[in-house]
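Reviewing the structure listed below.
Here is the naming used below: chain letters follow the sequence lines, and residue numbers restart at 1 for every chain.
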Number of protein chains: 2
Amino acid sequence: MHRLDRSLIAGLPAFQGLDDSSLDAILQSASSLRVTKDQAIFDQDSDAHSFFVLLDGRVQVVKSTPDGQQVVVRYIVPGELLGIAQALGRTTYPASAIAVVDCVVLAWPGKLWPEFATAYPSFGMNTYRTVGSRLSDIQAQVVEMATEQVEQRVAHCLLRLIKQSGKQTNDGITIDFPISRQDIAEMTGTTLHTVSRLLTGWEEKGLVKSGRQQVTVVEPSRLSVLAEGTARDNI
Amino acid sequence: MHRLDRSLIAGLPAFQGLDDSSLDAILQSASSLRVTKDQAIFDQDSDAHSFFVLLDGRVQVVKSTPDGQQVVVRYIVPGELLGIAQALGRTTYPASAIAVVDCVVLAWPGKLWPEFATAYPSFGMNTYRTVGSRLSDIQAQVVEMATEQVEQRVAHCLLRLIKQSGKQTNDGITIDFPISRQDIAEMTGTTLHTVSRLLTGWEEKGLVKSGRQQVTVVEPSRLSVLAEGTARDNI
DNA sequence: CGAAGTTTTGATTTCCATCAAGCCGGGTGG
DNA sequence: CCACCCGGCTTGATGGAAATCAAAACTTCG
């Protein structure tokens, strides 16, 4: 078993405010893990045996309904926690996590959670800050879904994605992992057909460029305008 | 200034696991407060000066969009925390809270939050458990909004309301606070017209009885059937 | 090259928002 | 005490946004 260096996690929000010896102690019980593209890190409703930090790659968090429909809840970028069911007082994972590219994660046994939270209070605090910000995010998403048209929702979704995972290219800002029309549809509660039509429409207007599992936003500011009220002109 | 009795909060989930002296200490800095129907307890985007526990009544938590549309995020029942912006690392309230009937709340200055969380670890833990369960709730709601038709969403909404705030009557289980078609519409992302049509339809089938700001579910089990897939028969 | 997965595009349908009145009940003030 | 008014509710008609149905084109990869 090889040793993990504390520099792996030292800068991450979750481990802010911990001294070196604490970091080392925490890493003692971690195992690192490669996950290849399309592989699951954990499955919805299965026993929450571990919690994780994503070190490299991109992870899709997806919830499935009993009748097989899927909703993409969020994408995880390096440095973020995932699978923190324990922090929510749960014993099973509420969603599945899929590597959308090859990933590296650190994993800790879930039963260590309470120990960590008490032994390293700032770790507990940091985690709960994460949970809190995810609560805010998702509340915003509920408002969006309740009040906006599909076009605006998809526009907002793309803007969020390039903000979180955008890479500047000479065409514009591209989403730096493979994402299909279907994925975008599952994030916005619509269908791949509608997403496809919207993207081709926007492409004609020069707002985006897109291809197979790939989207580039050419003019974020004009897309923002679309994302706010197109139709209904407010006061 | 009169003294608050510890029995007010002793049984509440948020204060589970605290000894009497801690409860007394916590109550020292609380002030109790009557809020009359339709009055705001706090306003969205205003400075998060306090956090609260609802002792009696019902509170509607509502988020407004810049263009004035409203979304009812949840209803709070006695014993629950509200306005815990601090726990989420926020300095302003993310939503407004309105008393839907006359209410009694306890209030603490927001700046006490960090002190409480460190001085009474189980209070911190309990709060975060609350935050976690609200995260789960709202994720379920996102899935619902993304995958279900309006009829199913409204049915689920009523079932949730009677579960949380139902009172058995001789007609069935009634939602024990005034709630309008508009309120239900704002919880489910639809319009009061559609809610009205659904309720009259259900009334004809004997599933519910409803009147002005008042809904009774006569047959919860049959409503549940509706709430799952009516149309689309799954495998 | 063939096959599987992804995307596009057209045609049709359906659900639900919107528009538009009118109704009902209760509270207020003349 | 009655009339009026206001807030909430119902109900019909209409239109439009987006789902569904259907099929073809394109991409990538083994």
Side-chain angles (χ1 to χ4, degrees), chain A residues 36-38 60 67-72 98 100-101 144-155 157-158 175 177-204 208-216 226 229-233, chain B residues 37-38 60 67-72 98 100 144-155 157 175 177-204 208-216 226 229-234:
Chain A
T36 56
K37 182 177 162 159
D38 296 331
Q60 185 188 58
D67 60 310
Q69 297 191 77
Q70 298 199 323
V71 176
V72 174
I98 313 287
V100 293
V101 296
E144 222 174 78
M145 301 205 57
T147 62
E148 294 180 355
Q149 312 263 104
V150 167
E151 182 175 42
Q152 299 171 56
R153 298 207 302 269
V154 174
C157 173
L158 291 186
I175 297 170
F177 57 85
I179 185 168
S180 68
R181 309 291 184 262
Q182 178 72 36
D183 293 327
I184 296 173
E186 287 175 1
M187 296 184 77
T188 50
T190 178
T191 63
L192 78 162
H193 308 280
T194 299
V195 173
S196 175
R197 281 182 235 270
L198 284 171
L199 287 179
T200 51
W202 292 342
E203 185 134 19
E204 282 162 11
V208 304
K209 295 194 175 195
S210 69
R212 187 190 180 83
Q213 302 204 95
Q214 197 271 328
V215 180
T216 302
L226 256 191
T230 317
R232 154 170 349 282
D233 29 325
Chain B
K37 181 176 163 161
D38 296 330
Q60 185 187 59
D67 60 310
Q69 297 190 79
Q70 297 199 325
V71 177
V72 174
I98 314 286
V100 293
E144 223 174 78
M145 301 207 58
T147 62
E148 294 180 355
Q149 311 264 105
V150 167
E151 182 174 43
Q152 299 170 57
R153 298 208 301 270
V154 174
C157 174
I175 298 171
F177 56 85
I179 184 168
S180 68
R181 311 291 184 263
Q182 177 71 36
D183 293 327
I184 296 172
E186 286 175 1
M187 295 184 78
T188 50
T190 178
T191 62
L192 79 162
H193 309 280
T194 299
V195 172
S196 175
R197 280 182 236 269
L198 285 171
L199 287 180
T200 50
W202 292 341
E203 186 134 17
E204 282 162 11
V208 304
K209 295 194 177 197
S210 69
R212 186 190 180 82
Q213 302 204 99
Q214 196 274 328
V215 180
T216 302
L226 256 190
T230 319
R232 155 169 348 285
D233 28 328
N234 322 329

Looking only at heavy atoms, the pair that brings A:S196 and A:R181 closest together is CA-CD, 4.2 Å
Between the main-chain N or O of B:E148 and the side-chain N or O of B:R153, is there a donor-acceptor pair closer than 3.5 Å? yes
Considering non-hydrogen atoms only, spot the tightest contact between B:S180 and B:Q213 and give its length. CB-OE1, 4.1 Å
With a non-hydrogen cut-off below 4.0 angstrom, is B:R181 in contact with a base, only sugar-phosphate, or nothing? sugar-phosphate
Quick one: B:M145 CE to C:dC15 C1', roughly how many Å, whole number? 15 Å
Distance, rounded to the nearest Å, where B:R212 contributes CZ and D:dG7 contributes P: 10 Å
Whole angstroms only, please: what is the CD-P distance between A:E186 and D:dA19? 13 Å
Distance check: side-chain N/O of B:S196 vs OP1/OP2 of D:dT10, anything under 4.0 Å? yes
Would you say D:dA19 has OP1 or OP2 under 4.0 Å from some side-chain N or O of A:T191? yes
Separation of C:dT7 atom C1' from A:K209 atom NZ, nearest Å, is 18 Å
Check the distance between C:dG27's P and B:Q213's CD and give it to me in whole angstrom. 11 Å
Ignoring hydrogens and angles, answer whether the base of C:dT9 and the side-chain atoms of A:H193 contain a donor-acceptor pair closer than 3.5 Å. yes
Would you say A:T194 places a side-chain N or O within less than 4.0 Å of OP1 or OP2 belonging to D:dA17? no
Is B:G189 touching bases, backbone alone, or none of the nucleic acid, heavy atoms closer than 4.0 Å? sugar-phosphate
Of all the nucleotides listed (D:dG7, C:dT7, C:dG5), which has the minimum atom distance to the side chain of A:S180? C:dT7
Taking all atoms of both residues into account, what is the closest heavy-atom pair of B:Q70 and B:E186, and its distance? O-CG, 3.5 Å
For the side chain of A:T190, counting heavy atoms from C-beta on, which of C:dC16, D:dT27, D:dA18 is nearest? D:dA18
Here the distance between atom P of C:dC16 and atom CD of A:E148, to the nearest Å, is 19 Å
Taking all non-hydrogen atoms of both residues, which atom of A:Q152 and which atom of A:L226 are closest, and how far apart? CG-O, 3.7 Å
Nearest-nucleotide wise, let me know which of B:S210 and A:R197 is further upstream toward the 5' end of DNA chain D. B:S210
Identify whether any heavy atom of B:L199 sits under 4.0 Å from a base atom; if not, whether one sits that close to sugar-phosphate; answer base, sugar-phosphate or nothing. nothing
Rounded to the Å, how far apart are A:Q182 CD and C:dT8 P? 13 Å
Interatomic distance, B:Q149 CD vs C:dT14 P [rounded to whole Å]: 12 Å
